[in-house]
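A quick write-up on the structure given underneath.
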Amino acid sequence: KTCYYATASKIVKMTATTTGGARRRRSSEVVAAAEKESYPAAVDDSSCSDSTASSTDEKQSLIYSWHQPRRSLSLQSISQSLLPWLGLSVWPCMLALPLFLNTQKFHYSTTFPRGWWTLRGEHWLDKSLEEGGIWEYGTELYGKTLRHPLGLSLGISAVAVGHVFLLIYFRLHQQQYLGKTTSIQSRGAVQYVYADALKNHLCQPGGFLLLGLYLTITWVFDLLPHSYYSFSGGIQYKQVAMCLVCQDFVQFLMHKVEHVAHPKMYKISHKPHHKFTNPKLFDAFDGSVPDTAIMILVPLFVTAHVVRDCNVWTYMAFGSSYANWLTLIHSEVAFPWEGVFRKFGLGTSADHHVHHKFFKYNFGHLFMWFDMLTGTYRSPSAVWGKEFNVGV
């Protein structure tokens, strides 16, 4: 800037000498005023070199100040990119209750009376007989032993606790407190009143109410394999995975039967759920009672008698993981982990939106493996930029 103004002054002065006296005086006055306004001190030709030497420290200061915001911006961008992935914590939170009751401080054996979780009698100290206590309020009904409802209550509570964590996370994600979200379908996410949708979600007769009735009957009336009543040991993660795969395989078969067996069967069972061609998270259990019975309860009963070596904690972990994962895949917005899930054939909300949008693809829920094997899988990327947003 110093060089520029000094050179400009010389040019104006040289130009002024070629004009008349009045114009010469007027130009000199203008130049002097400009120099005075721009710089406190007078500027001459040598000021270019002097100012260059004196500005070395100033340049270094400018360089430092230039890099400082970039460093802060880099840290900010890193934190913003990592923030959405905090949602991964919702998965272990689904297992919060069984994990909590197997800690040393809050262990179930010191929290609940022994008679609630062991068989009463002379073999109380035999760990192999810890298969759930007999219900004191009527030990038999029509000759059938009634199990104590502790395990049942804990199982339902495990699903509820996991669901609370899911709903908290989803609200934060939906409102973009954890980063920008993208709706699955290009027409945008369906608009709704959150409180009303949540109430409808929790009160569906074909949803949690029917599931609770099924769990109550099968548990209290001793309809599960004996190991399911055992409180010994913690969560058996291998058996949890086996239960999830078995459940989804049988559900895949029942789902396909509902679609292709007969139009009347589809109409009374699964069609009410397919009114949602652009589903939202709270539509997960919004269907009919026959649909829930065929596609959820039958697979649950079959799974319990196929994977017969689960204990109560494994059954709880499986139930919570299954119910909450089934809810997540109905989300109207994508989650950050979905790209990774899809590489392993794990079910995502975009995969399930393909089913709701086109009806004849993606009959699996938690796993896309069975659709891939039978030729009914369609990747969401096939409709990117068309019906679906790019990247979901």
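Since we're looking at a predicted model, the values are computed, not measured.
Within the 3.5 Å criterion, the main-chain N or O of Ala317 finds no donor-acceptor partner in the side chain of Ser320. Formation of a donor-acceptor pair under 3.5 Å by the Gln247 side chain with backbone atoms of Leu300 is found in this model. Side chain of Asn278 to main chain of Gly188: a donor-acceptor pair is present (N/O by atom type, distance under 3.5 Å, no hydrogens or angles). Between the side chain of Trp369 and the backbone N or O of Gly364 there is no donor-acceptor pair closer than 3.5 Å. Under the 3.5 Å distance criterion, the side-chain polar atoms of Asp351 are left unmatched by any main-chain donor or acceptor of Gly347. Side chain of Thr181 to backbone of Val333: no donor-acceptor contact under 3.5 angstrom is found. Formation of a donor-acceptor pair under 3.5 Å by the Trp219 side chain with backbone atoms of His148 is found in this model.
In the hydrophobic cluster analysis, where Ile, Leu, Val, Met, Phe, Trp and Tyr join through side-chain heavy atoms closer than 4.5 angstrom, Leu328 is grouped apart from Phe165. Under a hydrophobic-cluster definition in which Ile, Leu, Val, Met, Phe, Trp and Tyr are linked whenever side-chain heavy atoms come within less than 4.5 Å, directly or via other members, Phe363 and Val260 are assigned to different clusters. Val161 and Phe106 are not part of a single hydrophobic cluster, where members link through side-chain heavy atoms under 4.5 Å apart. Grouping the Ile, Leu, Val, Met, Phe, Trp and Tyr side chains by contacts below 4.5 angstrom, directly or via other members, places Leu152 with Leu224. Under the 4.5 Å side-chain heavy-atom criterion for Ile, Leu, Val, Met, Phe, Trp and Tyr, Val220 and Leu150 are members of the same hydrophobic cluster.
Separation of atoms CG (Leu366) and CZ (Phe249) is listed at 14.0 Å; rounding is to 0.5 Å. Put simply, CH2 on Trp116 and OG on Ser109 are 14.0 Å apart, with the number rounded to the nearest 0.5 Å. Annotation: the span from Asp286 atom CG to Thr292 atom OG1 amounts to 9.5 Å, rounded to 0.5 Å. Atom NE2 of His255 sits about 10.5 Å away from atom CG of Asp248, to the nearest 0.5 Å. Of the inter-residue distances, the one linking Ser269 atom OG with Glu258 atom CD reads 4.0 Å to the nearest 0.5 angstrom. Taking CG of Asn362 as the start and CD1 of Ile329 as the end, the distance is 10.0 Å to the nearest 0.5 Å.
A heavy-atom distance below 4.5 Å is not found between the side chains of Asp222 and Leu146. Residues Glu338 and Ser349 meet the side-chain proximity criterion, which asks for heavy atoms closer than 4.5 Å. Val306 has its side chain within reach of Val302: a pair of non-hydrogen atoms, C-beta onward, lies under 4.5 Å apart. In this structure, the side chains of Phe170 and Ser331 come closer than 4.5 Å at one or more pairs of heavy atoms. Side-chain atoms of His107 and Leu101, non-hydrogen and from C-beta on, never get closer than 4.5 Å to each other. Contact annotation: the side chain of Leu95 approaches that of Tyr237 to within less than 4.5 Å [non-hydrogen atoms, C-beta and beyond]. By the 4.5 Å heavy-atom criterion applied to side chains, Ile296 and Tyr322 are counted as neighbours. For the pair Val354/Glu387, no side-chain contact is recorded, criterion being any heavy-atom separation below 4.5 Å from C-beta on.
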Show, in sequence, the C-alpha distance, side-chain angles and deciding distance for His355 and His274, and conclude whether the ring-ring contact (aromatic ring centres under 6.0 Å, His included) test is met. CA-CA 9 Å; His355 178 72; His274 266 289; 4.6 Å; yes
For Asn200 and Phe282: C-alpha separation, side-chain torsions, deciding distance, then whether side-chain contact (heavy atoms from CB on, under 4.5 Å) applies. CA-CA 8 Å; Asn200 183 67; Phe282 295 126; over 6 Å; no
Show, in sequence, the C-alpha distance, side-chain angles and deciding distance for Tyr229 and Val312, and conclude whether the side-chain contact (heavy atoms from CB on, under 4.5 Å) test is met. CA-CA 6 Å; Tyr229 299 95; Val312 66; over 6 Å; no
With side-chain contact (heavy atoms from CB on, under 4.5 Å) as the test, would you mind laying out the steps for Thr277 and Arg187 before giving the verdict? CA-CA 11 Å; Thr277 57; Arg187 55 177 164 166; 3.0 Å; yes
Assess the residue pair Asp309 and Gln239 against the criterion (side-chain hydrogen bond (donor to acceptor under 3.5 Å, both in side chains)); give the C-alpha distance rounded to whole Å, side-chain angles, the decisive distance to 0.1 Å, and a yes or no. CA-CA 8 Å; Asp309 56 345; Gln239 279 77 2; 3.1 Å; yes
Let me see the working for Val392 and Trp384 under side-chain contact (heavy atoms from CB on, under 4.5 Å), right down to the final yes or no. CA-CA 8 Å; Val392 298; Trp384 281 357; 3.9 Å; yes
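Ring planes of Phe252 and Phe370: tilted class, angle from 30 to 60°. Between Phe367 and Trp325, the ring-plane angle classifies as perpendicular under the 30° and 60° cut-offs. By the 30° and 60° cut-offs, the orientation of the rings of His201 relative to Phe285 is tilted. Ring pair Phe231/Trp313 is perpendicular by interplanar angle, where above 60° counts as perpendicular and below 30° as parallel. The aromatic rings of His270 and His259 sit perpendicular to each other, their planes meeting at more than 60°, with 30° as the lower class boundary. In this pair, His352 and His356 present their aromatic rings perpendicular. The plane angle is above 60°, beyond the 30 to 60° band.
Cation-pi geometry between Arg147 and Phe221 is not satisfied (NZ or CZ under 6.0 Å from the ring centre, within 45° of the ring normal).
Aromatic rings from Phe341 and Trp91 are positioned such that their centres are separated by under 6.0 Å. Here Tyr108 and Trp117 bring their ring centres to under 6.0 angstrom of each other. Taking the six-membered ring for Trp and the full ring otherwise, His273 and His330 have centroids separated by under 6.0 Å. You'll find the ring centres of Tyr169 and His173 inside the 6.0 Å limit. Checked against the 6.0 Å centroid criterion, the rings of Trp337 and Trp85 do not qualify as a close aromatic pair. Checked against the 6.0 Å centroid criterion, the rings of His163 and Phe208 qualify as a close aromatic pair.
The minimum heavy-atom distance linking Ser183 with Gln185 is given by the pair OG-O, 3.2 Å. Across all their heavy atoms, Tyr228 and Thr303 have their closest contact at OH-O, 4.0 Å. The two residues Ser157 and Leu97 make their nearest non-hydrogen contact at CB-CD2, 3.6 Å. Ala189 and Glu332 make their closest contact through CB-CG, 3.6 Å (heavy atoms, listed as atom of the first residue, atom of the second, distance). The nearest pair of heavy atoms linking Arg378 to Ala382 is NE-CB, 4.1 Å. Nearest heavy atom pair, residue Met316 against residue Leu154, reads CE-O, 3.5 Å.
Within a 6.0 Å radius of CD in Gln175, other residues, nucleotides and ligands contribute more than 12 heavy atoms. Within a 6.0 Å sphere centred on NZ of Lys256, heavy atoms belonging to other residues, nucleotides or ligands number more than 12.
Looking at Lys199 and Asp196, no side-chain N of the basic residue comes within less than 4.0 Å of a carboxylate O on the acidic one, giving no salt bridge.
Cluster note: Met372 groups with Met368, Tyr377 through ILVMFWY side-chain heavy atoms spaced under 4.5 Å, whether in direct contact or through intervening members.
Between the side chains of Asn311 and Ser232, no donor-acceptor pair is found at a separation under 3.5 Å.
Applying the salt bridge (charged side-chain N to carboxylate O under 4.0 Å, His left out) test to Lys357 and every residue at least two apart in sequence or in another chain returns nothing.
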